[in-house]
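The structure appears below as structure tokens.
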Amino acid sequence: MSRHEVRVAILGAGMSGVCMAIQLKKRGYDSFVLLEKAGKVGGTWRENTYPGVACDVPSHLYSFSFALNPQWTRMYSPGSEIQQYIEDLVSRYDLGSHIKCNSTVVRASYVGNAWHVDLEDGTRYVTQVVVSALGGLHIPSIPNFAGMSDFGGEFIHTAQWPSALDVKGKRVAVIGTGASGVQIAPAIADQVAQLTVFQRTPAWVVPRGDFAFSNKAQEKFSTWPGLCRFYRWFIFWLLEIRGGFIKRDSRRNQWLESTAREFLLKSVADDELRQKLTPSFPIGCKRVLVSDDYYATLMRPNVDVETRPIGRIYEKGIQVEGGAMREFDVIVAATGFQPFVVNRSIDISGRNGCNLNEVWQERISAHRTVMVPGFPNLFFLLGPNSGLGHNSVLFMIESQARFIIRVLRTLRRAGLSTVEPRAEANEAFNCQLATDLENTVYGGGCGAWHTDSNDHNFTLWPHSTIRYYLTMRGFDPNEFLWQRSGASSG
């Protein structure tokens with residue numbers, strides 16, 4: 001077994017992992033490694049290359065505050081530009097020597113006062129600190145319909161789109177109407193012979209307002225960095241103010257639902273289709289989608305919406321319950337990702353062999369969204385309840401990375417070896433979080449992807465991003481157990 005020793009091991013080289021690495025390097029921590037399962041960096045934006053893939057947060061905000069990009073070509077960046085941005089960050093901050101690609105982590109075990117991080121190929125990294133930058137959404141959710149293996153055409157998930165796939169002139173089924181579904185349908189509708197969108201639940205859709213930045217605008221952003229930063233802050237506060245829709249029955253919630261209803265009414269003239277596309281749950285309970293052309297796409301003569309459940313898949317097509325089989329050449333599963341399966345993709349064991357999968361079996365939670373009692377020096381980026389429904393998660397990632405840096409500096413200055421949250425502090429934080437969620441549209445009741453089988457929201461933050469920033473900045477050291485040479489210094 002190959003053995004290496006580092007101060008910090010970062011699991012994953014997507015947006016969050018790269019951010020953590022940059023913050024470490026900027027503050028003089030050079031003994032770290034990024035372990036990436038794939039052949040190159042990028043995470044979500046490396047994996048998702050389906051037609052129409054783009055960010056649903058404005059480009060200038062979906063970038064880091066310390067690395068503004070004045071060259072975005074559109075208000076909402078296509079996925080390829082975001083991937084290039086990540087690769088440019090790696091080059092700009094000289095992270096190449098720290099990144100180990102094709103390194104699949106299978107196990108992380110806390111032994112003595114160190115973490116043993118084991119790779120699939122037998123390599124072991126012994127490290128003081130582990131940072132999970134795997135994110136909450138990285139394993140595709142593949143549907144399991146009866147007869148799937150019988151299908152004779154192409155069956156693909158949007159996160160596994162073959163680069164050589166050509167849908168021109170084909171009959172295509174898109175299963176799912178979430179974020180990827182509303183992007184891919186408009187992107188391929190004018191190429192395919194027939195497109196059928198299989199909708200289980202309609203989603204609230206608001207106009208995106210996308211546009212291209214002119215060369216002159218990009219030049220101004222490059223010449224005057226202050227202008228680029230001002231524009232970024234303008235977008236941030238616009239989204240933050242709109243984020244008031246999180247509060248159940250608030251005026252902004254009512255305004256946003258009114259906006260979505262009006263957009264649907266203006267976009268879809270057919271009464272029957274409009275009825276199919278009208279959600280029965282409050283706006284925000286499930287993800288609010290942004291698209292300028294999704295509704296227009298569904299009005300095309302070669303596009304239809306099927307709302308009956310899929311009964312079975314056959315060699316040549318799909319049969320819905322109570323209906324005849326329809327033939328398709330390509331079936332696209334736009335079914336998103338399994339939410340927060342970090343503990344299932346990697347076996348993580350903390351103090352005294354405590355297994356994270358067992359700890360999270362009943363309820364997924366973390367103290368201040370980044371740490372779990374019994375798992376010293378283990379941190380999560382985009383951990384439980386740090387996702388957003390109204391602003392850029394990159395703001396959250398930066399707040400978390402700064403928190404981790406502050407903790408590491410405390411350890412170093414005080415000559416301490418480990419830190420973990422106290423059980424009572426973790427319980428208090430998550431009890432308050434659960435109470436706060438009850439007053440928001442994220443509080444359950446509509447079978448959303450971000451809730452578990454008990455309708456508990458373990459994914460989204462129920463407040464503003466500013467409150468999150470203050471929560472992460474103002475932590476009390478007494479909430480944690482600090483150790484020196486195995487003895488608690490509390």
Side-chain angles (χ1 to χ4, degrees), residues 13-23 40-93 95 135 137 158-159 161 179-180 182-184 186-187 206-243 287-294 382 387-399 401 465:
M15 275 286 204
S16 53
V18 168
C19 176
M20 188 72 249
I22 292 171
Q23 295 308 314
K40 65 178 182 178
V41 302
T44 294
W45 304 104
R46 177 197 63 240
E47 298 296 320
N48 288 275
T49 59
Y50 60 84
V53 62
C55 188
D56 56 8
V57 172
S59 310
H60 286 270
L61 195 55
Y62 198 82
S63 50
F64 293 117
S65 63
F66 54 81
L68 303 187
N69 178 17
Q71 301 300 318
W72 295 117
T73 62
R74 302 196 64 84
M75 179 67 168
Y76 292 86
S77 319
S80 57
E81 281 191 36
I82 302 174
Q83 174 64 20
Q84 187 61 55
Y85 173 75
I86 300 171
E87 293 178 8
D88 289 346
L89 288 176
V90 170
S91 176
R92 185 190 314 181
Y93 290 94
L95 300 180
L137 301 171
T158 49
W161 192 271
S180 56
V182 302
Q183 290 182 345
I184 195 170
V206 295
R208 176 181 288 246
D210 189 24
F211 60 86
F213 287 109
S214 66
N215 291 335
K216 187 174 182 179
Q218 293 177 51
E219 183 180 346
K220 286 183 177 180
F221 283 138
S222 298
T223 305
W224 299 316
L227 177 63
C228 191
R229 190 165 295 281
F230 174 82
Y231 184 63
R232 172 191 171 88
W233 276 111
F234 171 76
I235 297 171
F236 171 83
W237 284 112
L238 196 64
L239 294 184
E240 195 71 354
I241 292 170
R242 193 187 74 173
R287 184 172 182 173
V288 180
L289 306 178
V290 289
S291 176
D292 293 327
D293 49 8
Y294 179 62
L382 288 185
L388 289 176
H390 74 285
N391 212 317
S392 174
V393 294
L394 270 62
F395 182 95
M396 310 294 271
I397 292 170
E398 286 194 53
S399 295
T465 57

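FYI, the numbering just counts along the sequence from 1.
Within the structure, side-chain hydrogen bond (donor to acceptor under 3.5 Å, both in side chains) pairs that include any residue of residues 215-229 comprise Q71-S222 (at least two apart or interchain).
Across W237, F236, W233, a single residue satisfies ring-ring contact (aromatic ring centres under 6.0 Å, His included) together with F395, and that is F236.
Scanning all heavy atoms of the two residues, the minimum distance from S65 to E398 falls at OG-OE1, 2.6 Å. Nearest heavy atom pair, residue L68 against residue P225, reads CD1-O, 4.5 Å. Minimum interatomic distance between A401 and Q23 (heavy atoms only, all atoms of both residues): CB-CG, 4.0 Å. Taking both residues in full, the closest heavy atoms of M75 and G209 are given as CG-O, 4.3 Å, listed atom of the first, atom of the second, then distance. When all heavy atoms of I235 and H60 are compared, the pair lying nearest together is CD1-CB, 4.2 Å. Across all non-hydrogen atoms, the minimal contact from Q83 to G42 is OE1-CA, 3.2 Å.
Annotation: side chain of N391 is in contact with side chain of E240 (closest heavy-atom distance under 4.5 Å). By the 4.5 Å heavy-atom criterion applied to side chains, T465 and H390 are counted as neighbours. Taking 4.5 Å as the limit, some side-chain heavy atom of E87 sits within range of a side-chain heavy atom of K40. Contact annotation: the side chain of L239 approaches that of P58 to within less than 4.5 Å [non-hydrogen atoms, C-beta and beyond]. Using a 4.5 Å heavy-atom cutoff, the side chains of Y50 and S180 are in contact. Contact of the M15 side chain with the T44 side chain is not registered, since no non-hydrogen atoms from C-beta on lie closer than 4.5 Å. Between L89 and Y85 the shortest side-chain heavy-atom distance falls below 4.5 Å.
Without hydrogens or angle criteria, W45 side chain to I82 main chain gives no donor-acceptor distance under 3.5 Å. D292 places no side-chain N or O within donor-acceptor distance of the main-chain N or O of P207, the cut-off being under 3.5 Å. The main-chain N or O of S63 is found under 3.5 Å from a side-chain atom of R232 such that the two form a donor-acceptor pair. Here the side chain of D56 pairs no donor or acceptor atom with the backbone of V290 at under 3.5 angstrom.
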- Message: Between Y62 and W72, is the ring-ring contact (aromatic ring centres under 6.0 Å, His included) condition met? List the steps.
- Response: CA-CA 10 Å; Y62 198 82; W72 295 117; 8.1 Å; no

- Task: Give the intermediate values and the outcome of side chain to side chain contact (heavy atoms under 4.5 Å, CB included) for residues I22 and F64.
- Result: CA-CA 11 Å; I22 292 171; F64 293 117; 5.6 Å; no

- Message: Go through it in stages, so that I can follow the logic: the residues are W161 and V53, the test is side chain to side chain contact (heavy atoms under 4.5 Å, CB included), and I'd like the CA-CA distance, side-chain angles, deciding distance and then a yes or no.
- Response: CA-CA 11 Å; W161 192 271; V53 62; over 6 Å; no

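Atom-to-atom distance recorded for S291:OG and D210:CG is 9.5 Å, nearest 0.5 angstrom. Q183 CD to D293 CG: the interatomic distance, rounded to the nearest 0.5 Å, is 9.5 Å.
When the ring-ring contact (aromatic ring centres under 6.0 Å, His included) test is applied to F234, no partner is found at least two apart in sequence or on another chain.
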